[in-house]
4 protein chains.
Amino acid sequence: MDFQNKKAIYLQIADYVCEQILLKKWQVGNKIPSIRELAISLEVNPNTVMRTYAFLEDKKIIQTQRGIGYFVAEDAYPQALSLKKTEFLQQDLPQIFRSMDLLGISFEALNELYHTRKTYEKE
Amino acid sequence: MDFQNKKAIYLQIADYVCEQILLKKWQVGNKIPSIRELAISLEVNPNTVMRTYAFLEDKKIIQTQRGIGYFVAEDAYPQALSLKKTEFLQQDLPQIFRSMDLLGISFEALNELYHTRKTYEKE
Amino acid sequence: MDFQNKKAIYLQIADYVCEQILLKKWQVGNKIPSIRELAISLEVNPNTVMRTYAFLEDKKIIQTQRGIGYFVAEDAYPQALSLKKTEFLQQDLPQIFRSMDLLGISFEALNELYHTRKTYEKE
Amino acid sequence: MDFQNKKAIYLQIADYVCEQILLKKWQVGNKIPSIRELAISLEVNPNTVMRTYAFLEDKKIIQTQRGIGYFVAEDAYPQALSLKKTEFLQQDLPQIFRSMDLLGISFEALNELYHTRKTYEKE
DNA sequence: GTGGTCTAGACCACC
DNA sequence: GTGGTCTAGACCACA
């Protein structure tokens with residue numbers, strides 16, 4: 001996992017966690033990596049991971065058990081889905097559509113890009 | 001003009017200027033609002049507009065004439081187009097496509113959203 | 001018995017023990033559940049119960065007999081009573097009264113809550 | 001302002017801010033002390049105040065303006081009221097009532113304590 | 001000047 | 001071992 005410049009690292013880590021959950025790699029009730037573990041494996045300060053986990057706990061996506069660790073919360077999947085979906089629909093999409101209008105990119109052109117997209121994917 | 005929290009204000013203003021140019025509302029050689037004017041009308045600190053203009057000048061989209069004001073540069077249109085297009089293709093799109101996969105949003109669904117998009121543009 | 005997030009588990013267990021004593025369910029000299037037993041029945045780490053018992057022994061509410069088990073101490077009742085009473089009067093009450101002032105909750109309203117309280121005890 | 005041991009400092013500061021708002025000392029739209037200012041005046045690390053402000057912003061009680069500062073949010077009063085009231089009704093009260101039952105303190109006794117409470121107030 | 005992020009390291013309570 | 005809080009200090013982007 002490599003960090004791009006733009007977004008805060010702790011949010012990129014949150015995205016990563018959500019992704020694991022949405023891909024069902026991490027299932028409800030599973031223990032997730034401890035703060036220190038994840039911090040070491042991502043080569044990041046534990047405080048940064050802590051921030052991620054606090055953020056996700058607030059969103060009811062993960063939950064803590066005293067002295068034991070963090071676990072995938074009951075409603076993690078729907079919560080993560082709704083979180084990311086809202087983000088997508090309200091922040092990303094309108095901006096995209098606006099850019100398309102401005103740049104004169106038709107939806108058909110987008111269609112083509114969609115089906116040949118691998119070209120643009122760095123990560 | 002309302003500022004969303006996400007992007008830096010000076011970049012949002014830059015977007016606005018580019019928009020005027022791409023929509024051909026501001027044409028090559030036209031004088032654009034002075035820093036002070038624009039700052040007042042947008043209720044923003046003049047420093048912020050100054051930063052916008054410096055950014056756009058660096059991109060060869062506008063140019064300054066000492067003591068007179070800022071003007072739409074010679075190649076403003078292609079420059080603005082290329083700037084926004086690059087941004088769009090390399091930064092925005094890949095991220096969008098990735099989100100679609102993750103959220104299970106098909107291209108057909110996107111199509112529908114595209115044609116009813118006004119709903120999402122309010123906020 | 002369910003553990004709320006707020007208070008340390010070992011203290012919640014201590015509360016439980018005090019409760020048994022104050023309700024006279026556990027009487028002076030009675031043997032109380034072994035650390036292991038209680039840990040199993042509460043689905044808790046034995047270390048946690050051990051901490052509870054150490055805490056209560058320090059408060060002279062229970063006492064250990066080597067190799068036999070823990071017993072309700074001689075002065076358990078008054079000790080438990082004084083412990084909880086002090087806690088209540090010096091820590092809980094002032095905070096409550098302060099909150100009432102701040103939230104504009106009159107004593108009459110509290111009265112009503114007191115007599116219909118079962119509603120709030122679920123969560 | 002002195003910090004008691006029990007609660008996290010950043011939450012005690014949050015309580016303080018809520019109190020100012022509930023007492024209408026800080027009104028909607030007012031700028032509140034900057035992170036650094038408050039940190040210095042409370043003799044606390046700026047990060048701690050930052051944590052408080054992030055917490056309160058999430059609760060929609062305060063809101064940030066880039067590079068300018070934090071302001072009392074639109075719905076600060078009702079939000080703060082609801083936050084503290086929920087806390088009171090769901091966390092504090094049930095515990096109090098339970099203690100009363102256990103300690104054999106009648107509501108009449110509480111009444112008396114309420115009206116002579118100054119005795120118990122340290123802070 | 002403002003907020004925001006990150007690191008480094010310490011200490012605590014808890015399991 | 002776990003999470004949680006706090007400090008100290010650095011650096012950045014922004015107004």
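Protein chains get the first letters and strands the later ones, always in sequence-line order, with residue 1 at the start of each.
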Tell me, please, which residues at least two apart from [X] pass side chain to side chain contact (heavy atoms under 4.5 Å, CB included).
X: B:T48; value: B:I9, B:Y10, B:I13, B:V44, B:N45
X: D:A73; value: D:Q63
X: C:S34; value: C:R36, C:E37
X: C:K31; value: C:F71

In whole Å, what is the span from the [atom1] atom of [X] to the [atom2] atom of [N]?
X: A:K31; N: E:dC15; atom1: NZ; atom2: P; value: 15 Å
X: D:K6; N: E:dC12; atom1: NZ; atom2: P; value: 18 Å
X: D:I40; N: E:dG3; atom1: CD1; atom2: P; value: 12 Å
X: D:F3; N: F:dT5; atom1: CZ; atom2: P; value: 15 Å
X: D:L42; N: F:dC6; atom1: CG; atom2: C1'; value: 14 Å
X: A:M50; N: E:dT5; atom1: CE; atom2: P; value: 16 Å
X: D:Q63; N: E:dT2; atom1: CD; atom2: P; value: 18 Å
X: D:Y70; N: E:dG4; atom1: OH; atom2: P; value: 3 Å

Using the test ring pair (Phe, Tyr, Trp, His ring centres under 6.0 Å), find all partners of B:Y70 that sit at least two apart in sequence or belong to another chain. B:Y53
Sorted by number, the residues of residues 53-60 of chain C with heavy-atom contact under 4.0 Å to DNA chain E: none
Table please: side-chain donor-acceptor pairs of residues 79-87 of chain A below 3.5 Å, with sequence neighbours left out.
unit_1, atom_1, unit_2, atom_2, d
A:K84, NZ, A:D15, OD1, 2.4
A:K84, NZ, A:E87, OE1, 3.3
A:T86, OG1, A:S82, O, 2.7

Rounded at 0.5 Å granularity, tell me how far CG in C:D92 sits from CG in D:D92. 8.5 Å
Just jot down the salt bridge (charged side-chain N to carboxylate O under 4.0 Å, His left out) partners of C:E19, sequence neighbours excluded, or say none. D:R98
Listed once per pair and sorted, the salt bridge (charged side-chain N to carboxylate O under 4.0 Å, His left out) pairs that draw on residues 21-30 of chain A, sequence neighbours left out: none
Respond yes when some side-chain nitrogen or oxygen of A:S34 is under 4.0 Å from OP1 or OP2 of F:dT2, and no when none is. yes
Any side-chain N or O of A:T64 less than 4.0 Å from the OP1 or OP2 oxygen of F:dT2? no
Starting at the 5' end of nucleotides 9-15 of chain F, put B wherever the base has a protein heavy atom under 4.0 Å, S where only the sugar-phosphate does, and a dash everywhere else. B----BS
With a 3.5 Å distance limit and no angle check, can you tell me whether D:D58 reaches the backbone of D:F55 through a side-chain donor-acceptor pair? no
Range-with-range stems of DNA chain E (Watson-Crick or G-U pairs under 3.5 Å, three or more in a row): E:1-14 with F:1-14
Residues pairing under ring-ring contact (aromatic ring centres under 6.0 Å, His included) where one sits in residues 27-47 of chain A, two or more places apart or in two chains, turn out to be none
